[in-house]
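The next block holds one structure in the form of structure tokens; read it before the comments.
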Amino acid sequence: MAGDPTRPFAPGASREATAGALVAVVGVLAVQAVSGLAGMLGTSLYIGPFAFHGGQNIVLEFATAVFLSPFPFYLGTFLTLAFLTPVMRRSALPVVLLRAVLGGAGGTVALALVGVFTGAYGATGDGPRALVTDVLTNPVQRGVPLTAMLLAGVTVAWLWLGRPRAAAGPAARRAGAPGTPGTVRPADAVPPPAFGQQQPPRPPADQWGPPRR
């Protein structure tokens with residue numbers, strides 16, 4: 001079960017947290033797909049939809065830019081939001097947005113971890129600068145705009161899960177108010193009788209009088 005809804009970090013697992021993380025990440029992916037699709041269509045007007053641009057097919061370039069390259073960010077963000085900083089309907093919006101930033105930081109760290117391997121491989125030919133680029137500059141360059149999109153996705157997920165209900169006011173919490181625990185409305189305290197109340201029969205007027213002569 002997810003933890004405290006008022007703290008930035010609330011480790012735990014719940015169906016609500018998993019659903020919120022999924023909605024937020026899918027929202028970021030949808031924005032990326034629409035933006036990439038628009039760019040691919042614009043490029044295809046000049047060189048054709050299946051032509052090569054910069055030595056790469058534009059469809060493959062679209063798939064790489066939208067799905068493959070940011071995939072570590074998607075995965076890291078989903079795991080962070082699902083198990084460390086969940087999107088909960090009981091949390092206030094500022095807390096949810098802070099958790100979104102932390103989720104984006106988790107995704108950026110995932111990009112940096114992948115950059116360790118790609119940078120180490122590139123460092124054999126380009127030297128240490130390849131490692132610095134893949135571990136530091138490229139993850140931050142990708143992670144910042146994706147985190148900005150994640151803020152919108154997390155807000156949508158929070159609204160979809162349901163805003164937190166306002167607490168009851170003082171009038172509803174005072175003693176005797178309807179709906180307050182431990183109180184019962186007078187109309188409900190005593191149920192109405194099923195039948196009309198019957199009075200015992202009265203004896204005749206002369207039943208206990210003096211004997212007649």
Side-chain angles (χ1 to χ4, degrees), residues 2-3 7-13 17-43 52-88 91 93-158:
R7 295 181 179 180
F9 284 98
T18 303
L22 184 61
V23 171
V25 173
V26 169
V28 176
L29 179 59
V31 173
Q32 284 280 93
V34 172
S35 177
L37 183 62
M40 185 186 68
L41 292 177
T43 304
F52 285 84
H53 178 257
Q56 189 176 15
N57 184 279
I58 62 174
V59 176
L60 182 60
E61 185 179 357
F62 163 78
T64 302
V66 174
F67 300 104
L68 185 59
S69 295
F71 179 77
F73 181 89
Y74 300 149
L75 181 60
T77 299
F78 174 80
L79 295 177
T80 304
L81 291 178
F83 300 107
L84 294 179
T85 59
V87 180
M88 304 170 62
S91 300
L93 183 58
V95 176
V96 172
L97 294 179
L98 178 58
R99 291 180 177 181
V101 174
L102 295 175
T108 304
V109 170
L111 290 173
L113 292 177
V114 175
V116 171
F117 299 96
T118 59
Y121 177 78
T124 58
D126 296 334
R129 59 184 179 183
L131 189 62
V132 174
T133 301
D134 288 356
V135 175
L136 183 60
T137 59
N138 285 344
V140 173
Q141 181 183 4
R142 296 177 181 175
V144 170
L146 290 175
T147 302
M149 299 179 197
L150 185 65
L151 291 173
V154 165
T155 303
V156 172
W158 180 71

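Throughout, residue positions are numbered sequentially from 1 according to the sequence presented.
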Return the minimal non-hydrogen interatomic distance between [X] and [Y], and the atom names on each side.
X	Y	value
Val96	Ser91	CG2-CB, 3.8 Å
Gly104	Thr77	CA-OG1, 4.3 Å
Leu111	Arg142	CD1-CB, 4.0 Å
Gly20	Ala157	O-CB, 3.5 Å
Trp158	Leu93	CE3-CD1, 3.7 Å
Arg129	Asp126	NE-O, 3.1 Å

Leu97 and Thr155: CA distance, side-chain angles, deciding distance, side-chain contact (heavy atoms from CB on, under 4.5 Å) verdict: CA-CA 7 Å; Leu97 294 179; Thr155 303; 3.5 Å; yes
Apply side chain to side chain contact (heavy atoms under 4.5 Å, CB included) to [X] and list each qualifying residue two or more places apart in sequence or on a separate chain.
X	result
Pro8	Leu98, Leu102
Thr64	Gln56, Leu60, Leu68, Ser69
Leu113	Val109
Leu29	Val66, Phe67, Tyr74

Among all residues two or more places apart in sequence or in another chain, which pass the side-chain hydrogen bond (donor to acceptor under 3.5 Å, both in side chains) test with Asp134? Thr118, Asn138
Measure the spacing between CD1 of Ile58 and CG of Leu41 and express it to the nearest 0.5 Å. 8.5 Å
Side-chain contact, heavy-atom cut-off 4.5 Å: Leu146 with Gln32? yes
Taking the side chain as every heavy atom from C-beta outward, state whether Phe62 and Asn57 have any atom pair closer than 4.5 Å. no
When you measure from the side chain of Thr147 to the backbone N and O of Gly143, does any donor-acceptor pair fall under 3.5 Å? yes
Under 3.5 Å donor-acceptor pairs involving side-chain atoms of residues 79-87, not counting sequence neighbours:
| unit_1 | atom_1 | unit_2 | atom_2 | d |
| --- | --- | --- | --- | --- |
| Thr80 | OG1 | Gly76 | O | 2.7 |
| Thr85 | OG1 | Thr80 | O | 3.4 |
| Thr85 | OG1 | Arg99 | O | 3.4 |

Which residues pass the salt bridge (charged side-chain N to carboxylate O under 4.0 Å, His left out) test with Arg7, not counting sequence neighbours? Asp4
